[in-house]
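The block underneath contains the structure these notes are about, expressed in structure tokens.
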Amino acid sequence: MIWAAGLLFRTLRFMANYLSGLNDRQREAVLHRDGPLMIIAGAGSGKTKVLTTRIAHLMATGVDAFNILALTFTNKAAREMKERIERVLGNSEARNLYIGTFHSVFARILRSEAHRIGYPNNFTIYDTDDAKSVVKAVVNELQLDDKHYKPNTVYNRISAAKNALVGPAEYANDYHLQQEDTRANKPAIAKIYDAYTKRCFKNGAMDFDDLLLKFYELLKNVPESLSKYQHKFKYILIDEYQDTNPAQYEIIKLLGAMHENVCVVGDDAQSIYSFRGATIQNILQFQKDYDEVKVVKLEQNYRSTQNIIHVANEVIARNKGQIEKVLFTENQEGEKDSPGAYHDG
């Protein structure tokens, strides 16, 4: 009994340490335990601190690192998060987290599951140059002009289709896509896409976009794999959710359907990956996808002056289809033309 009381005291004191540097809204986001959570994080509001502290808090309160999936958009962000979590916890347990970019984490899983969808587990991953070389070879084999069907153009078209979860058969049967290709005087793209896909499969290879598409197909078409990873990932956290594309969005919905402990962090005003198929509709849709979504708005900015925040609010207010928020700061007023002082949040 005394031992248990001592353990509880040490745990509470440890929690007090890593919660002490958070403002009220940040603490609210960290302490929310179960159920869907959407954190709307304005620029410079300390979202990385909140995300990493939330993961550390889950682990400190008994969640196994192996049951936590955290997805980012850059390797740098993943490394920084893992390092911060290790500093908070004071141990190396963060090394057991499934934390990384969508592509790196899904590639890791596919290495043990790819045989279920007909690929070798040691499949090759084509980089962009490799993929474009295969596209060019396919164009030549189909006796098409590679100056008209430029590998870069065709590859980008195929990439966009994959990120929208449109396979070769769906592409060929989609009236609007076929009309677009006809207007661009490139009616053979569907045929190239089909031949390219077959070539990659024959070579036991996936390109960068296949890491999303094939992982989605694995979850969608192999119930055993879906159940396995739904059970495994009891808590899912996604950084920069406003930059997810349709493939990433659907994968998260599948993985999170069992426990619904899905935490998304983002800002509809900061989307930067629309050229990769990202859509802010994903973050706007989140509250409709789950019942009783907890919404926490991080509106205090730690980086910029009051004048810059005032201008930012004026600009953001003009956005259509936004999640309403008002940024504020306790920093100095600043000069009217000041670039703003940076303060780590």
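All values derive from a computational prediction rather than experimental measurement.
- Separating the CZ atom in Arg79 from the OG1 atom in Thr74 is a distance of 8.0 Å, to the nearest 0.5 Å.
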With ring-ring contact (aromatic ring centres under 6.0 Å, His included) as the criterion, how do Phe66 and Tyr98 come out once you've worked through the C-alpha distance, each side chain's angles and the decisive distance to 0.1 Å? CA-CA 7 Å; Phe66 288 106; Tyr98 271 74; 7.3 Å; no

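- Of the possible polar contacts, none joining the Asp146 side chain to the Lys136 backbone as a donor-acceptor pair under 3.5 Å is found.
- Rounded to the nearest 0.5 angstrom, Ile85 CD1 and Leu51 CG are separated by 7.5 Å.
- The CG atom of Leu22 sits 5.0 Å away from the OG1 atom of Thr53 when rounded to the nearest 0.5 Å.
- Looking at Tyr171 and Asp194, their side chains never bring a donor and an acceptor atom within 3.5 Å of each other.
- Using a 3.5 Å distance cut-off with no hydrogens or angles, the side chains of Asn203 and Tyr126 do pair a donor with an acceptor.
- With no hydrogens or angles considered, no side-chain donor-acceptor pair links Thr72 and Asp239 at under 3.5 Å.
- In summary, Glu141 and Arg199 engage in a salt bridge, as defined by a charged side-chain N under 4.0 Å from a carboxylate O.
- No hydrogens or angles considered: a donor-acceptor pair under 3.5 Å links the side chains of Asp207 and Tyr196.
- Using a 4.0 Å cut-off between a side-chain N of Lys or Arg and a carboxylate O of Asp or Glu, Asp64 and Lys234 do not qualify as a salt bridge.
- Side-chain atoms of Glu170 come within 3.5 Å of backbone N or O of Gly167 as a donor-acceptor pair.
- Other residues, nucleotides and ligands contribute at most 12 non-hydrogen atoms within 6.0 Å of the NZ atom of Lys150.
- Using a distance-only test at 3.5 Å, with no hydrogens or angles considered, a donor-acceptor pair links the side chain of Asp130 to the main chain of Asp127.
- What you find for Leu212 and Asn245 is that their closest heavy atoms are CD1-ND2, 3.9 Å.
- For the residue pair Tyr249/Asp289, the side-chain donor-acceptor check at 3.5 Å is satisfied.
- The shortest heavy-atom contact between Ala161 and Tyr193 is CB-CE2, 3.9 Å.
- The environment of His148 atom NE2 is dense: over 12 non-hydrogen atoms of other residues, nucleotides or ligands sit within 6.0 angstrom.
- A side-chain donor-acceptor contact under 3.5 Å links Arg111 to the backbone of Phe123.
- Remark: side-chain polar atoms of His115 are not paired, donor with acceptor, to backbone N or O of Ile117 under 3.5 angstrom.
- Salt-bridge formation is detected for the pair Glu217/Lys214: a Lys NZ or Arg NE/NH1/NH2 atom is positioned less than 4.0 Å from an Asp or Glu carboxylate oxygen.
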Leu298 vs Gln26, test: side chain to side chain contact (heavy atoms under 4.5 Å, CB included). Steps then yes/no. CA-CA 7 Å; Leu298 305 182; Gln26 291 173 334; 3.9 Å; yes

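- Contact detail for Arg54 and Arg33: the closest heavy-atom pair is NH2-O, 3.5 Å.
- Residue Ile251 holds its CD1 atom at 11.5 Å from NZ of Lys220, rounded to the nearest 0.5 Å.
- In this structure, Asp145 places its CG atom where more than 12 heavy-atom neighbours from other residues, nucleotides or ligands lie under 6.0 Å away.
- A donor-acceptor pair shorter than 3.5 Å can be found between the side chains of Gln242 and Glu240.
- Closest heavy-atom contact between Pro151 and Lys132: CB-O, 3.7 Å.
- Ring centroids of Phe102 and Phe215 are separated by 6.0 Å or more, keeping the two rings apart.
- The residues Lys76 and Glu80 are annotated as not salt-bridged, no charged nitrogen and carboxylate oxygen being separated by less than 4.0 angstrom.
- Closest non-hydrogen pair, Met81 versus Thr48, comes out as CG-CG2, 4.3 Å.
- Summarising the geometry of Asn121 relative to Ala114, their closest heavy-atom pair is OD1-N, 3.2 Å, with the distance given to 0.1 Å.
- Between the side chains of His57 and Tyr18, at least one donor-acceptor pair of N or O atoms lies under 3.5 Å.
- Here His103 and Phe208 bring their ring centres to under 6.0 angstrom of each other.
- Checked for salt-bridge contact, Lys186 and Glu180 miss the test: no charged N lies under 4.0 Å from a carboxylate O.
- Listed for the Ser227 side chain is no donor-acceptor partner under 3.5 Å among the backbone atoms of Glu224.
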